[in-house]
There are 2 protein chains.
Amino acid sequence: MSANSKQQIIEAAGIVFERFGFKKTTMDDIAYAAGKGKSSLYYYFKNKEEVFEAVVAHEAKQLVAEINKAINASHSAVDKLRSYVNIRMKRFVQRGNLATALNDNFLATFAFIEKIRNNYRDFEVEMIAGIISHGIDNKEFKPIDANFAGEAILTCMIGFEVPLLTKTHTTEESVKKINNVIDMFFYGICT
Amino acid sequence: MSANSKQQIIEAAGIVFERFGFKKTTMDDIAYAAGKGKSSLYYYFKNKEEVFEAVVAHEAKQLVAEINKAINASHSAVDKLRSYVNIRMKRFVQRGNLATALNDNFLATFAFIEKIRNNYRDFEVEMIAGIISHGIDNKEFKPIDANFAGEAILTCMIGFEVPLLTKTHTTEESVKKINNVIDMFFYGICT
DNA sequence: CTTTATTCGACGAATTTGTTCCAAATGTAC
DNA sequence: GTACATTTGGAACAAATTCGTCGAATAAAG
């Protein structure tokens, strides 16, 4: 099981999925993009859904790495949280399969997408809650329930995704609006 | 036969074709985008290919209108030719179904695409040749064979499409390079 | 050479898709 | 209202596409 070939397939699949979406992408498309025969894919993956999950996991990993880097670069919890929101929303507007999987109504019926969606949501709440906890230890934030606040902020971000997708706003406008909401959170949270 | 409904279908189909390409677009996709039942499409069009032809014809018409407007706004043949090339290439990089139909290898095998391609090529040669003829009458250009020169310039533009699609250049860079080539034509043509 | 890892062509079964047919709905003129 | 033409979409079906499997071919490793 060459990790090389597997990664090659995942990256090729990522490009094709991003272009055509899950349903319209065929295993042949992926195989052709990866420069392999179709049946070779089944040596590495059980089925199409598993390929998609791997692609999403790979993108999520990249996103997490990017976010962690930005978080570690900021010292205050306020800056960490701001970095988190900015990177997350920026990545969201330029789509990618993770964002698509989390939103596309076309995929909404698939059970395996529900799994991804829920897993990732829990993970995000943990990330945000972690930052908030740090801010509480720091005395930057009041001693609120970090998990509850994390859920609130995430829900708020998700609420912003819909107008982002309808494209009535530009990316910059949206980022500005989101930061305004974040500021409101801060003024309510900061000591 | 409501021209309204037909136009509505053509515009909806244009969006879907542009996103997914000819093959991956289903009649259901088009019908859904147009807010109609699938079989209603067959009241207005014989089959999927005819819908696509109508979309391309519609886009070509728009492109021609845009080009004519720009050509009429310029007085010298030099400016007319420059406008023509600029608009054509700008439209090409932002794609659309006409550009896709003229280039997508995936469609290359279809006979009906060959028809569109050839028809439109002849039309473009005529357009360019017309401008050159005007320039010859104007004494802006030497008394060369307008049709032959038109073919040469078109072929030159088509040669530029490939690097445009590989995206190693930005649009602006490409326009600059193309204008350089046009200048070379002028210096060889102008009296 | 033997064994293990990897690739691919060919195939069957299940699904999707293009297209047709016909009845229902809608509009239009009397 | 009736009579008529226009427009729509549900159901059905054949053809094409697609997923996933199997076994054989090829390459790599020991």
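To find a chain, count down the sequence lines: A is the first, B the second, and so on, and within it residues start at 1.
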Q: State whether A:Y43 places a side-chain N or O below 4.0 Å from either non-bridging phosphate oxygen (OP1 or OP2) of C:dT7.
A: no
Q. Is the shortest side-chain N to carboxylate O distance from A:D29 to A:K48 below 4.0 Å?
A. no
Q: Carefully, step by step, assess A:F20 and B:R19 under the rule side chain to side chain contact (heavy atoms under 4.5 Å, CB included).
A: CA-CA 8 Å; A:F20 294 118; B:R19 172 144 188 199; over 6 Å; no
Q: State whether B:S40 places a side-chain N or O below 4.0 Å from either non-bridging phosphate oxygen (OP1 or OP2) of D:dG9.
A: yes
Review item, nucleotides 24-28 of chain C N/O atoms under 3.5 Å of protein N/O:
none

Q) Can you tell me if A:Q7 and A:H58 form a side-chain donor-acceptor pair at under 3.5 Å? A) yes
Q: Would you mind reading off the distance between B:K6 atom NZ and D:dT8 atom C1', rounded to a whole angstrom?
A: 17 Å
Q | salt bridge (Lys or Arg N to Asp or Glu O under 4.0 Å): pairs with one or both residues in residues 34-45 of chain A, sequence neighbours excluded | A | none
Q. Distance check: side-chain N/O of A:S5 vs OP1/OP2 of C:dT7, anything under 4.0 Å?
A. yes
Q: Might you point out which heavy atoms bring A:E50 and A:F45 nearest each other, and give the distance in Å?
A: OE1-CA, 3.4 Å
Q: Using a heavy-atom cut-off of under 4.0 Å over every strand shown, decide if B:Y44 touches base, sugar-phosphate, or nothing.
A: sugar-phosphate
Q. Going by atom types only, do A:Y84 and A:E124 share a side-chain donor-acceptor pair under 3.5 Å?
A. yes
Q | Base-contact (B) and sugar-phosphate-only (S) positions in nucleotides 12-30 of chain D, heavy-atom cut-off under 4.0 Å, - elsewhere | A | ------SBBBB--------
Q: Starting at atom NZ of B:K36, determine the distance to atom C1' of C:dG18, rounded to an integer number of angstrom.
A: 19 Å
Q | Smallest separation among heavy atoms of A:A149 and A:I132, with atom names | A | CB-CD1, 3.6 Å
Q: Could you tell me whether A:N4 atom CG has more than 12 heavy atoms of other residues or ligands within 6.0 Å of it?
A: no
Q.
Output the rounded distance in Å from OH (B:Y32) to C1' (C:dG18).
A. 21 Å
Q) Atom CZ of B:F45 to atom P of C:dT19: distance rounded to whole Å? A) 13 Å
Q.
Check this for me, if you would: do B:E140 and B:K80 make a salt bridge, where the nitrogen-to-carboxylate-oxygen distance has to be below 4.0 angstrom?
A. no
